[in-house]
Amino acid sequence: MKIYTKTGDTGQTSLIGGRRVSKAHHRIDAYGTVDELNAWIGLVRDQPVNESRKELLKEIQDRLFTIGAELATDPEKTVKKPLPAILEADVQLLEKAMDEMDAYLPDLRAFVLPGGHQTVSFCHLARTVCRRAERLTIALSEQESVDPLVIQYLNRLSDYLFVLGRKMTLELGAEEISWKPRV
């Protein structure tokens with residue numbers, strides 16, 4: 001099977017369900033950003049400090065494929081094969097992981113500047129792409145149907161990535177730099 005189809009050469013693509021839309025369509029922008037996020041999560045997962053979190057990060061990547069499929073589906077069509085869905089348990093898994101990491105972290109008393117270690121920076125990049133995916137999905141939901149759990153999952157995932165960045169900072173012995181606004 002060839003990877004190229006040439007059907008997108010005119011700037012159009014197909015949603016699951018068959019409808020053709022512009023590659024600049026808000027639905028394509030949302031799931032394209034989720035795809036970008038998935039690549040960043042892969043980079044975070046591949047960092048040696050995350051060896052014990054590889055399975056959870058892989059599961060998060062799987063959920064992002066689920067979200068991508070949801071966002072790539074034409075809400076006006078009935079699909080022949082049922083797609084996986086985001087569940088409340090997926091959100092709860094992120095919350096549990098955050099609670100476990102948070103137990104080891106010092107209290108947060110200020111905004112934290114991204115950085116301190118290249119690995120931590122990768123995590124912050126993933127977090128900001130997650131926030132963008134969330135904003136684009138919210139904008140899409142204001143025009144078309146989107147499962148509210150998708151938005152909730154993206155919101156919680158960005159929180160998870162923030163806490164993960166702090167935990168990685170601790171584990172790597174890197175400096176967590178608080179923002180000190182000039183006066």
Visitor: Nearest 0.5 Å, please: how far is CD1 in Ile60 from CG in Leu161?
Guide: 6.5 Å
Visitor: I'd like to know if the side chain of Gln61 and the backbone of Asn38 have a donor-acceptor N/O pair within less than 3.5 Å.
Guide: yes
Visitor: Would you kindly confirm whether Leu136 and Leu125 end up in one hydrophobic cluster when ILVMFWY residues are joined by side chain heavy atoms under 4.5 Å apart?
Guide: no
Visitor: For Leu56 and Ala97, which heavy atoms make the closest approach, and how far apart are they?
Guide: CD2-CB, 3.7 Å
Visitor: Any side-chain to backbone donor/acceptor pair from Asn50 onto Val44? Under 3.5 Å, distance only.
Guide: yes
Visitor: Quick check: do Gln92 and Arg156 have side-chain heavy atoms less than 4.5 Å from each other?
Guide: no
Visitor: How far does CZ of Arg63 sit from CG of Leu149, to the nearest 0.5 angstrom?
Guide: 12.5 Å
Visitor: Mind telling me whether Phe122 and Trp40 have parallel, tilted or perpendicular rings, with 30° and 60° as the class edges?
Guide: tilted
Visitor: What pair of heavy atoms forms the shortest contact from Leu140 to His26, and how long is it?
Guide: CD1-CD2, 2.9 Å
Visitor: Please check if the number of heavy atoms outside Lys96 that lie under 6.0 Å from its NZ is greater than 12.
Guide: no
Visitor: Between Arg53 and Arg45, is there a donor-acceptor pair closer than 3.5 Å when you use the side chain of the first and the backbone of the second?
Guide: no
Visitor: Between Phe65 and Ile41, is there shared hydrophobic-cluster membership here, with clusters defined by ILVMFWY side-chain heavy atoms closer than 4.5 Å?
Guide: no
Visitor: When rounded to the nearest 0.5 angstrom, what distance separates OG in Ser121 from CD in Gln118?
Guide: 7.5 Å
Visitor: Run the side-chain contact (heavy atoms from CB on, under 4.5 Å) check on Tyr160 and Leu57 step by step: do they pass?
Guide: CA-CA 11 Å; Tyr160 168 82; Leu57 290 165; 4.0 Å; yes
Visitor: Can you tell if the side chain of Leu94 reaches within under 4.5 Å of the side chain of Val91, non-hydrogen atoms only?
Guide: no
Visitor: Quick one: does Asp90's side chain have a donor or acceptor within less than 3.5 Å of a partner on Leu87's backbone?
Guide: yes
Visitor: So Arg131 and Leu154, do their side chains get closer than 4.5 Å, heavy atoms only?
Guide: no
Visitor: About how many Å separate CD1 of Ile151 and CD1 of Ile86, when rounded to the nearest 0.5 Å?
Guide: 12.0 Å
Visitor: I'd like to know if the side chain of Glu36 reaches the main chain of Gly32, judged simply by a donor and an acceptor atom lying under 3.5 Å from each other, with no hydrogens or angles considered.
Guide: no
Visitor: Please tell me whether Leu113 and Phe162 are part of a single hydrophobic cluster in this structure, the criterion being side-chain heavy atoms less than 4.5 Å apart.
Guide: no
Visitor: Would you name the heavy atoms of Gly115 and His124 that are closest together and state the gap between them?
Guide: N-CD2, 3.9 Å
Visitor: Closest approach of Leu83 and Ala69, non-hydrogen atoms and distance?
Guide: CD1-O, 4.0 Å
Visitor: For the residue pair Arg127 and Pro114, what are the closest heavy atoms and their distance?
Guide: NH2-CG, 4.0 Å
Visitor: Enter the distance from Met98:CE to Glu95:CD here, rounded to the nearest 0.5 Å.
Guide: 5.5 Å
Visitor: Heavy atoms, side chains only, cut-off 4.5 Å: are Thr169 and Glu175 in contact?
Guide: no
Visitor: List the atom of Ala126, the atom of Leu37, and the distance in Å for their closest heavy-atom pair.
Guide: O-CD1, 3.2 Å
Visitor: Under 3.5 Å, sequence neighbours excluded: what are the donor-acceptor pairs made by side chains of residues 176-183?
Guide:
| from | atom 1 | to | atom 2 | distance (Å) |
| --- | --- | --- | --- | --- |
| Glu176 | OE1 | Arg166 | NE | 3.4 |
| Glu176 | OE1 | Arg166 | NH2 | 3.0 |
| Glu176 | OE2 | Arg166 | NE | 2.7 |

Visitor: Quick one: pull up NZ in Lys167 and CG in Leu172 and give me the separation to the nearest 0.5 Å.
Guide: 10.0 Å
Visitor: Can you tell me which residue among Ile28, Asp29, Thr33 is in a side-chain contact (heavy atoms from CB on, under 4.5 Å) with Tyr31?
Guide: Ile28
